[in-house]
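First up is the structure itself, then whatever we jot down about it.
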Amino acid sequence: MDKLQSLRGMVDLLPQSTPLWQRIEATARAHFARAAIEEIRTPVLEATELFARGIGEATDVVGKEMYTFVDRGERSCTLRPEGTASVVRAAIQHGLLSQGPQRLWYGGPMFRYERPQAGRQRQFHQIGLEMLGFADPRSDVEAIAVAWDLLADLGVQGLALELNSLGSSDDRARYREQLVAWLSERADQLDPDSQDRLQRNPLRILDSKNPDTQALLADAPTLAEALSPESRDRFARVTHGLTLLGIPFQLNPRLVRGLDYYSHTAFEITSTQLGAQATVCGGGRYDGLVEQLGGPPTAAIGWALGMERLAILLAQAGAATAAAPEVYVVSRGEQAEPLALQLARQLRQAGHAVDLDLTGAAFGKQFKRADRTGARWAVVIGDSEAEAGVVLLKDLRGASGEASQPEQRLSPEELLQRFA
RNA sequence: GCGGGCGUAGCCAAGUGGUUAAGGCACCGGAUUGUGAUUCCGGCAUUCGGGGGUUCAAGUCCCCUCGUCCGCCCCA
């Protein structure tokens, strides 16, 4: 392979698809602004320790999926595999939490060294929300509502919100013991992956895709039963709030999050249109993370949505296309071309989208290109116009269609006035 | 990290061991030396992802490798 090409799992977004991404980003910004959520931007590269401590050493993300290297200062650095740890780090570092609760959003590339698949690349993009310093169950509802309304506004069809409570860390520790004990007696009935998880990350066995394992789990102790009365009450307030807002959800007692920092409310928004990587948006509460990273005890909830997966869903509905320029400037000749250069700039300074043909090709070729861009107007300048101090303004989208639309002779000043 | 499918031009694609690798789209040039559709003419792969092997002969068969797609794992 001696042709230069992008690294595996790193994809180019070509002009054909960027309008869709821009629409998603603009819609997200509008929703965040309306919900009084401010943007935060953190570095793509962080100290490896941040993720090891924040996400959990035992997780797959930290254990085998990070892009980690030693820099020239002998520091271990990692390209961020997710956004939450960085946002929390920045909030602690700059004392944001002493200024009261923070409603923050972020967006950008994340990196995980995984095998590429549908809806999964090594560099992928997320938009995420983090609400730091909010303990009330209403904040869970509000965070979910922002995600739900954003996706609805974008026109994504066929989404389902799945909800579960992981309880407090005490609840979870207690349940974990029960589950491991129960499953250990039946380890021979588990699929190999799940046997492995029994040591490493037993809760993940709950969302195994193996049908035999799922059948076995039907009789296993459930997380819901292990929740303390306080945790149950809290979760009930969340579900009541969602009902109040008319946001439909399904309780999924098997829903477990992969990163260690989650507690209480966990949720995913999924689509059946995405193949194996069905989760468009996932999140939950992480009340212990801020403290774990050296900050004050701080309740928090957040989510992240996968841009590539969202783009897949929206592309199915119909692609957005780039806007056509308003004006296409056709010019040819030594006198005409400098004049065209100036006029194009002046029209742009007046706020118009202008495409300037720089080929110097025959007028016929330039008109053909002008037509194809979809521009409404052509400004035509040849040397005879340049000498006479005029330009031709031609309507390319007149009622009668194609060629031989009427042209107007205007002075450059008149043209600019016309487009003022 | 594991399993499977697929790699012929920017894109789609014919080719099923035998001389110079169809066709379409797109793009470029010309017919039209200053006006957009259509049409017509011409151009656009010394080579089939890369490397090695089998053979008189390989895009076609074999091996390795890279990439890609789908699934597992994992996750947004």
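Here is the naming used below: chain letters follow the sequence lines, and residue numbers restart at 1 for every chain.
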For a quick check under 3.5 Å, do A:Ser194 and A:Arg197 share a side-chain donor-acceptor pair by atom type?
yes
Can a side-chain donor-acceptor contact be found between A:Glu130 and A:Thr84 if the only test is distance below 3.5 angstrom?
yes
Would you indicate which nucleotide in B:U68, B:G36, B:U35 comes nearest to any side-chain atom of A:Arg8?
B:U68
Distance between C1' atoms of B:A57 and B:G24 (Å, rounded)
31 Å
Counting any heavy atom closer than 4.0 Å, what does A:Ala118 reach on the DNA or RNA strands: base, sugar-phosphate only, or nothing?
sugar-phosphate
Quick check for you: among B:C28, B:A76, B:G71, whose closest atom lies nearest to any side-chain atom of A:Arg372?
B:C28
Measuring only the C1' atom in each nucleotide, how far is B:G18 from B:G23? A whole number of Å is fine.
23 Å
Searching all strands shown, indicate the nucleotide that pairs with B:A31 (Watson-Crick or G-U wobble; both distances under 3.5 Å).
B:U39
Roughly how many Å is it from NZ in A:Lys209 to C1' in B:C72, rounded to a whole number?
8 Å
If we only count heavy atoms from C-beta on, is the A:Gln214 to A:Arg254 side-chain gap below 4.5 Å?
yes
Here the distance between atom C1' of B:C70 and atom CZ of A:Arg309, to the nearest Å, is 14 Å
Separation of atom CG in A:Asp207 from atom P in B:A76, rounded to whole Å:
11 Å
NA contact type, A:Gly128, heavy-atom cut-off 4.0 Å: base, sugar-phosphate, or nothing?
nothing
What pairs of nitrogen or oxygen atoms, one from the protein and one from nucleotides 1-3 of chain B, lie under 3.5 Å apart?
residue, atom, partner, partner atom, Å
B:C2, N4, A:Arg115, NH1, 2.6
B:G3, O6, A:Arg115, NH2, 3.4

Which word best sums up how the rings of A:Phe111 and A:Tyr67 line up, parallel for under 30°, tilted for 30 to 60°, or perpendicular for over 60°?
perpendicular
Does anything in residues 137-150 of chain A come within less than 4.0 Å of RNA chain B? Heavy atoms only, and list the residues if so.
none
Taking the side chain as every heavy atom from C-beta outward, state whether A:Tyr286 and A:Val88 have any pair of such atoms under 4.5 Å apart.
yes
In whole Å, I'd like the distance from the CG atom of A:Asp193 to the P atom of B:C72.
11 Å
Tell me what A:Asn201 touches on the nucleic acid: a base, only sugar-phosphate, or nothing, going by heavy atoms under 4.0 Å.
nothing
Rounded to whole Å, the CG-C1' distance (A:Leu14 to B:A26) equals 15 Å
Using only heavy-atom distances, decide whether a donor-acceptor pair under 3.5 angstrom links the side-chain of A:Glu385 to the base of B:G34.
yes
Scan A:Glu82 against the nucleic acid and name what it touches under 4.0 Å (heavy atoms): base, sugar-phosphate only, or nothing.
nothing
Checking side-chain polar atoms at under 3.5 Å, does A:Ser165 have a donor or acceptor matched by the opposite partner on A:Thr265?
no
What is the distance, to the nearest angstrom, from the CG atom on A:Leu7 to the C1' atom on B:U68?
15 Å
Phosphate contact (B:C28 OP1 or OP2) by A:Arg369 side-chain N/O below 4.0 Å
yes
Do A:Tyr106 and A:Leu104 come close enough that some side-chain heavy atom pair is under 4.5 Å?
no
Ignoring hydrogens and geometry beyond distance, is a side-chain donor-acceptor pair present between A:Asp355 and A:Thr373 at under 3.5 Å?
no
Does A:Phe367 lie flat on the base of B:U35, that is, centres under 5.5 Å apart and planes under 30° off?
yes
In sequence, state the C-alpha distance, the side-chain angles, and the governing distance for A:Thr279 and A:Glu268, and then conclude on side-chain hydrogen bond (donor to acceptor under 3.5 Å, both in side chains).
CA-CA 6 Å; A:Thr279 304; A:Glu268 285 185 3; 3.1 Å; yes
With sugar-phosphate meaning primed atoms plus P, OP1 and OP2, does A:Gly107 contact a base, only sugar-phosphate, or nothing at under 4.0 Å between heavy atoms?
nothing
Could you state the CG-C1' distance from A:Asn210 to B:C72, rounded to the nearest angstrom?
11 Å
OP1, OP2 of B:G34 versus side-chain N and O of A:Arg332: anything below 4.0 Å?
yes
For B:A22, what is the paired nucleotide under Watson-Crick or G-U wobble rules, both distances under 3.5 Å?
none
Can you tell if the side chain of A:Arg285 reaches within under 4.5 Å of the side chain of A:Ser139, non-hydrogen atoms only?
yes
Among B:G36, B:A76, B:C28, the nucleotide that comes nearest once only the side chain of A:Lys368 is considered
B:G36
Report which part of the nucleic acid A:Leu392 touches: base, sugar-phosphate, or nothing (heavy-atom distance under 4.0 Å, all strands).
base
Please work out if A:Thr59 contacts a base, only the sugar-phosphate, or nothing of the nucleic acid, heavy-atom cut-off 4.0 Å.
nothing
Please evaluate the base of B:U35 for a donor-acceptor partner in the side chain of A:Glu407 within a cut-off of under 3.5 Å?
yes
Of all the heavy-atom pairs spanning A:Gln250 and A:Ala160, show the shortest one and how long it is.
NE2-CB, 4.2 Å
Please give the distance between the P atoms of B:U47 and B:A9 as a whole number of Å.
13 Å
Can you find a donor-acceptor N/O pair under 3.5 angstrom joining the side chain of A:Lys394 to the base of B:U35?
yes
Counting C-beta onward and ignoring hydrogens, is there a side-chain heavy-atom pair between A:Leu163 and A:Asn252 closer than 4.5 Å?
no
Could you state the atom-to-atom distance from CD of A:Gln126 to C1' of B:C74 in whole Å?
13 Å
